[in-house]
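What you see is a predicted model, and the numbers here were worked out from it, not measured in a lab.
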Amino acid sequence: MNGYRVHGWRDQWIGTHKSEGMLPDFYVDMARSLERACFDYFILEDSSFVPDAWQGKHDFYLENAYAVPKFDPAVLASILTQNTARLGIVTTLAITEYPPYLLARLVSTMDHVSRGRAGWNMVTASSDRAAQNYGHDAQPDHDVRYDMAEEFAELVVKLWESWEPGSMVVDQDGIFADPAKVHPVDFQGKFYKSRGPINSARSPQGRSVIVQAGGSPKGRAFASKYADSIIASASTVEQMKEYRDDVRARAEAHGRDPDSVKVLFLVSPVIGETHQAAVDRRQQAKEEAAANPVTRLAGMGYATDIDFSVFDLDTPIKDLASELVTNGHQSSLQQFVAQNRERTLREVAMQSSTSAGQRVELLGTPSEVADQMGDVMATVGGDGFLLTQDVLTRRSISEVCDGLVPELQKRGLTRTSYSYEMFRDNLLEF
């Protein structure tokens, strides 16, 4: 849901606060709804720059509240942990914006205050504008960022594990912590170093849940090595199956149990009270996209650091492919080009994101969509979906939590109650 930001401010279901999303109340309501529906986790995306990838100006993004304003997700996440009891809370924190020790301590603290429900969405960051906000000229090269991420993750995990299991004795007649079970890490790598140990004590999960989205070959290799849950995007069921089979094989090659790596595919279900109502809703989204064609290209520019306004909008994308080069989100760009080669930029711009071939389409009544989701997963083999919505309101949340989820539960496709107190246990259960 694109982070701690304004949501649905032009929608008729916005409610009484036109800047919905700037206050935590909206997210608290959403988290409680997700927990009532027994979701595994709630993930807070993030970025830390004001985009200016359309026409080289920030005007479009500010005028339309597109990815700005956006607030620090760690603050919101801590509030959500105090208003839920079982839901995993995953915070996006970029390795290029935090020292490893600071991030390890922050996530460890989140795990403590949530009693074992914290997760870290590990991202490498991709925008040069974000890099410049942190005193750098540009982001490191794509593959270098993944080399940095691998070393970063290794160090963070070592810091989390610098307090062994059983190190917290808490004996009022004896000692609080066993010094023999707390160790410096003395880490010296190519990019990072840290003495350790962490000073926030061993967290309830020991190691918080790590979430990662890896689309490129380098990203797949990294995610399969470290992630407990992988976020993926695919436009066909066949692509979904190929991706899951690939990362599971990679995880096994790393000596991991592939069943301990949960792959969730991004979907945006179009739900209606009747099938025709869902079709009408999809058509309305297409008409709105056609009336505002800049939105899609400006959004792709936000993700890739490419200014699409400099290109002839009536040129087929296949003829522009050699010019569409980025050090940003390479998998997003590759998917964009591959799925739209025969279209022009104008044709793509006039499609809504839910109809542009970026994700497997799920459309119909709650019962129909539940059947579709079950059929897809039966072919893919598991593990589930990560639901995302372009326009997020309390109404759209209720359509999922109070309409779709009960249908999934009837079919035994998702849980009806939590079996465990901690995030990883619940994630791995189903």
Side-chain angles (χ1 to χ4, degrees), residues 1 3-4 24-46 71-94 98 102-123 153 156-157 159-161 163 165 167-168 170 198 200-213 223 226-231 259-264 383-388 397 400-401 405 409 414-430:
M1 34 66 72
Y4 184 7
D25 309 54
F26 173 73
Y27 300 94
V28 169
D29 287 353
M30 177 162 56
R32 286 172 172 168
S33 294
L34 296 176
E35 186 165 74
R36 186 180 68 251
C38 299
F39 273 66
D40 286 295
Y41 62 81
F42 178 8
I43 185 169
L44 290 162
E45 179 269 355
D46 193 32
F71 305 95
D72 192 319
V75 176
L76 176 60
S78 64
I79 295 172
L80 298 181
T81 65
Q82 304 308 296
N83 286 276
T84 53
R86 293 292 183 270
L87 182 70
I89 305 295
V90 179
T91 310
T92 298
L93 303 167
Y98 286 83
L102 176 62
L103 188 144
R105 187 170 181 245
L106 174 60
V107 177
S108 174
T109 302
M110 295 285 287
D111 207 45
H112 278 285
V113 301
S114 66
R115 295 178 172 84
R117 293 183 293 116
W120 168 33
N121 180 30
M122 183 197 299
V123 297
V156 166
V157 170
L159 287 166
W160 285 340
E161 294 177 346
W163 291 58
S167 55
M168 299 282 288
V170 195
I198 199 168
S200 55
R202 186 173 181 84
S203 63
Q205 293 185 102
R207 170 183 143 171
S208 293
V209 170
I210 296 177
V211 179
Q212 213 269 330
Y226 285 100
D228 301 293
S229 181
I230 300 175
I231 302 168
D259 289 336
S260 70
V261 182
K262 299 301 181 182
V263 181
L264 304 186
D383 299 291
F385 300 95
L386 182 70
L387 277 67
T388 180
I397 295 164
V400 170
C401 294
V405 169
Q409 291 172 333
T414 189
R415 66 170 65 85
T416 57
S417 63
Y418 293 100
S419 299
Y420 302 99
E421 295 184 355
M422 295 191 194
F423 180 9
R424 178 178 283 100
D425 296 329
N426 285 315
L427 179 67
L428 297 180
E429 176 202 18
F430 206 87

Begin with the C-alpha distance, continue with both residues' side-chain angles, and end with the deciding distance and a verdict on salt bridge (charged side-chain N to carboxylate O under 4.0 Å, His left out) for Glu429 and Arg415. CA-CA 9 Å; Glu429 176 202 18; Arg415 66 170 65 85; 3.6 Å; yes
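The minimum heavy-atom distance between His112 and Ala201, with the atom names listed, is NE2-O, 3.6 Å. Taking every heavy atom of both residues into account, Ser78 and Met110 meet most closely at N-CE, 3.6 Å.
Listed by first and then second residue, the side chain to side chain donor-acceptor pair (under 3.5 Å) pairs that reach into residues 81-90 are Arg32-Asn83, Thr84-Arg117, sequence neighbours excluded.
In this pair, Tyr4 and Phe71 present their aromatic rings tilted. The plane angle is within the 30 to 60° band.
A salt bridge links Asp228 with Arg207: the closest approach of a Lys/Arg side-chain nitrogen to an acidic carboxylate oxygen falls below 4.0 angstrom.
Counting only N and O atoms by type, the side chains of Thr92 and Asp46 include no donor and acceptor under 3.5 Å apart. Remark: the Thr414 side chain and the Gln409 side chain contain no N/O donor-acceptor pair separated by less than 3.5 Å.
Distance CZ/Phe39 to OH/Tyr418: 8.5 Å, rounded to 0.5 Å. Going from atom CH2 of Trp160 over to atom OG of Ser200 covers 10.0 Å, rounded to the nearest 0.5 Å.
Thr91 meets the side chain to side chain donor-acceptor pair (under 3.5 Å) test with no other residue; sequence neighbours excluded. For Ser229, the side chain to side chain donor-acceptor pair (under 3.5 Å) partners are Tyr41, not counting sequence neighbours.
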